Amino acid sequence: MKWCPQCNQTYSDKNMQFCLTDGTPLSALYDSEETLLLKNGDIINESQIKFPIEIFRVYCLFGYETDGARESVLWNDPMSFHHLVRERGEAFRQCYDSWKLTKRKFSRNEVLDGKWVKVADKGPQHYLELHDDGTLTERTRFSFDENDHWGGKWKLIDGILRLSINIYELDIVASRDELHSGVEDEGDHRNAYFIVAHVK
């Protein structure tokens with residue numbers, strides 16, 4: 001059994017490493033039928049903790065939308081989320097929880113239904129079509145050249161929509177108001193914030 005020391009949620013999957021609610025590293029709960037492999041004196045080095053990249057991007061998105069856009073500490077250093085929780089306390093946690101209530105998960109049927117428009121905080125607008133086989137086609141929104149398009153791949157990761165196009169990877173979080181948003185990385189650096197809308 002695993003336990004989140006931040007929100008007290010428990011998980012029965014022994015392989016879980018991070019809380020699905022807030023990304024906090026899980027701790028093992030004592031179970032008389034389980035043998036714990038940790039030895040006395042073992043120290044967990046926070047800098048060596050590996051988070052799934054989608055959790056990092058959710059933290060970046062939260063920072064962008066609530067704490068100064070590209071000036072947010074979280075935009076460039078999502079790992080600082082846990083430091084901010086400790087430093088800013090309950091107000092920060094409540095802000096994050098309130099923000100999360102405005103979000104939801106995508107469904108497969110939803111993402112395959114029609115076209116999407118994505119608009120970056122810098123740069124042009126694009127149309128997206130997501131195909132049943134996990135591929136996608138993207139084109140510049142106001143181009144009339146039929147050959148002006150390119151391909152990529154998409155997948156859902158626990159309700160987050162990931163688009164991979166060449167060296168760009170964009171994670172989009174669904175919003176209850178249907179104006180979805182996401183964070184795009186170019187190779188190893190943060191590239192852009194996107195608004196994504198379903199146009200069917």
Side-chain angles (χ1 to χ4, degrees), residues 4 6-7 9 18-24 51-82 84-85 88 91-132 134 136-142 152-165 168-186 190-200:
C4 174
Q6 189 63 46
C7 69
Q9 187 165 336
F18 304 97
C19 178
L20 297 176
T21 302
D22 53 37
T24 301
F51 284 91
I53 191 66
E54 60 272 14
I55 292 178
F56 273 145
R57 291 184 181 139
V58 167
Y59 293 163
C60 293
L61 191 61
F62 167 64
Y64 188 99
E65 294 184 344
T66 67
D67 192 35
R70 287 176 178 265
E71 300 303 312
S72 169
V73 173
L74 290 168
W75 178 255
N76 292 304
D77 182 16
M79 189 65 178
S80 67
F81 178 88
H82 301 285
L84 293 172
V85 168
R88 298 186 187 176
F92 183 81
R93 167 64 58 194
Q94 287 178 359
C95 181
Y96 180 66
D97 290 343
S98 296
W99 176 81
K100 278 182 28 184
L101 290 174
T102 69
K103 307 300 181 184
R104 62 177 181 81
K105 294 182 178 185
F106 281 113
S107 71
R108 180 178 174 80
N109 289 341
E110 175 184 13
V111 300
L112 290 172
D113 184 20
K115 293 184 180 179
W116 298 80
V117 172
K118 70 181 185 111
V119 181
D121 61 345
K122 57 175 190 172
Q125 301 177 13
H126 294 94
Y127 272 124
L128 279 172
E129 289 183 75
L130 306 180
H131 311 297
D132 191 53
L136 65 85
T137 304
E138 181 175 85
R139 65 185 73 244
T140 305
R141 186 168 181 204
F142 297 110
K153 296 182 178 181
W154 70 270
K155 63 182 172 181
L156 285 175
I157 303 171
D158 194 30
I160 294 173
L161 176 59
R162 175 167 295 166
L163 309 179
S164 301
I165 303 167
Y168 298 97
E169 191 171 83
L170 169 62
D171 280 0
I172 305 164
V173 178
S175 178
R176 295 187 187 282
D177 68 4
E178 303 306 317
L179 201 57
H180 315 301
S181 55
V183 172
E184 180 181 79
D185 290 339
E186 178 184 3
R190 193 108 316 113
N191 184 53
Y193 168 84
F194 275 90
I195 295 292
V196 181
H198 203 178
V199 293
K200 297 189 181 183

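Just so it is clear, the structure is predicted and the values come from calculations on it, not from any experiment. FYI, side chains are in, hydrogens and waters are out, and symmetry mates aren't considered; it's all heavy atoms of this structure.
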Engineer: Does any non-hydrogen side-chain atom of Lys118 lie less than 4.5 Å from one of His180?
Structural biologist: no
Engineer: Report the distance from atom CG of Leu74 to atom OH of Tyr96, rounding to the nearest 0.5 Å.
Structural biologist: 10.0 Å
Engineer: So, does Arg176 use its side chain to make a donor-acceptor pair with the main chain of Lys103 at under 3.5 Å?
Structural biologist: yes
Engineer: Between Trp99 and Val58, does the side chain to side chain contact (heavy atoms under 4.5 Å, CB included) criterion hold? Intermediate values first, please.
Structural biologist: CA-CA 11 Å; Trp99 176 81; Val58 167; 3.8 Å; yes
Engineer: Going by ring-ring contact (aromatic ring centres under 6.0 Å, His included), Trp75 matches just one of Tyr64, Phe56, Tyr59. Which one?
Structural biologist: Tyr64
Engineer: So do Tyr127 and Thr137 actually touch side chain to side chain, heavy atoms under 4.5 Å?
Structural biologist: no
Engineer: If you take all heavy atoms of Cys60 and Val183, which pair is closest and at what distance?
Structural biologist: CB-CG2, 4.0 Å
Engineer: Indicate every side-chain donor-acceptor pair of residues 155-164 with a distance under 3.5 Å to a residue at least two apart or in another chain.
Structural biologist:
| unit_1 | atom_1 | unit_2 | atom_2 | d |
| --- | --- | --- | --- | --- |
| Asp158 | OD1 | Lys105 | NZ | 2.8 |
| Arg162 | NE | Asp171 | OD1 | 2.7 |
| Arg162 | NH2 | Glu54 | OE1 | 3.3 |
| Arg162 | NH2 | Asp171 | OD2 | 3.0 |

Engineer: I'd like to know if the side chain of Arg57 and the backbone of Pro78 have a donor-acceptor N/O pair within less than 3.5 Å.
Structural biologist: no
Engineer: Which one of Ser72, Ser181, Ser175 satisfies the side chain to side chain donor-acceptor pair (under 3.5 Å) criterion with Glu65?
Structural biologist: Ser181
Engineer: Nearest 0.5 Å, what's the CG-CG distance between Leu130 and Asp113?
Structural biologist: 10.5 Å
Engineer: Does Asp177 form a side chain to side chain contact (heavy atoms under 4.5 Å, CB included) with Thr102? I'd like the steps, not just the answer.
Structural biologist: CA-CA 8 Å; Asp177 68 4; Thr102 69; over 6 Å; no
Engineer: Verify the ring-centre separation between Phe106 and His198: is it less than 6.0 angstrom?
Structural biologist: no
Engineer: Going by side-chain hydrogen bond (donor to acceptor under 3.5 Å, both in side chains), name the residues that satisfy it together with Arg70, two or more places apart in sequence or in a different chain.
Structural biologist: Asp121
Engineer: Decide yes or no for Phe62 and Cys95: does some side-chain heavy atom of the first lie under 4.5 Å from some side-chain heavy atom of the second?
Structural biologist: yes
Engineer: Checking Trp154 side chain against Glu129 main chain: does a donor-acceptor pair fall under 3.5 Å?
Structural biologist: no
Engineer: Using the side-chain hydrogen bond (donor to acceptor under 3.5 Å, both in side chains) criterion, which residues pair with Glu184? Sequence neighbours excluded.
Structural biologist: Asn191
Engineer: Indicate the atoms forming the closest heavy-atom contact of Trp116 with Glu110, along with that distance.
Structural biologist: CZ2-O, 3.6 Å
Engineer: Could you walk me through whether Phe194 and Ile172 pass the side chain to side chain contact (heavy atoms under 4.5 Å, CB included) test, one step at a time?
Structural biologist: CA-CA 8 Å; Phe194 275 90; Ile172 305 164; over 6 Å; no
Engineer: Tell me, yes or no, whether the heavy-atom count around Glu71 atom CD, taken from other residues, nucleotides or ligands under 6.0 Å, exceeds 12.
Structural biologist: no
Engineer: Are a donor atom and an acceptor atom from the side chains of Asn109 and Ser107 found within less than 3.5 Å of each other?
Structural biologist: no
Engineer: What closest approach, in Å, do Glu138 and Ile165 show between heavy atoms, and which atom pair accounts for it?
Structural biologist: OE2-CD1, 3.6 Å
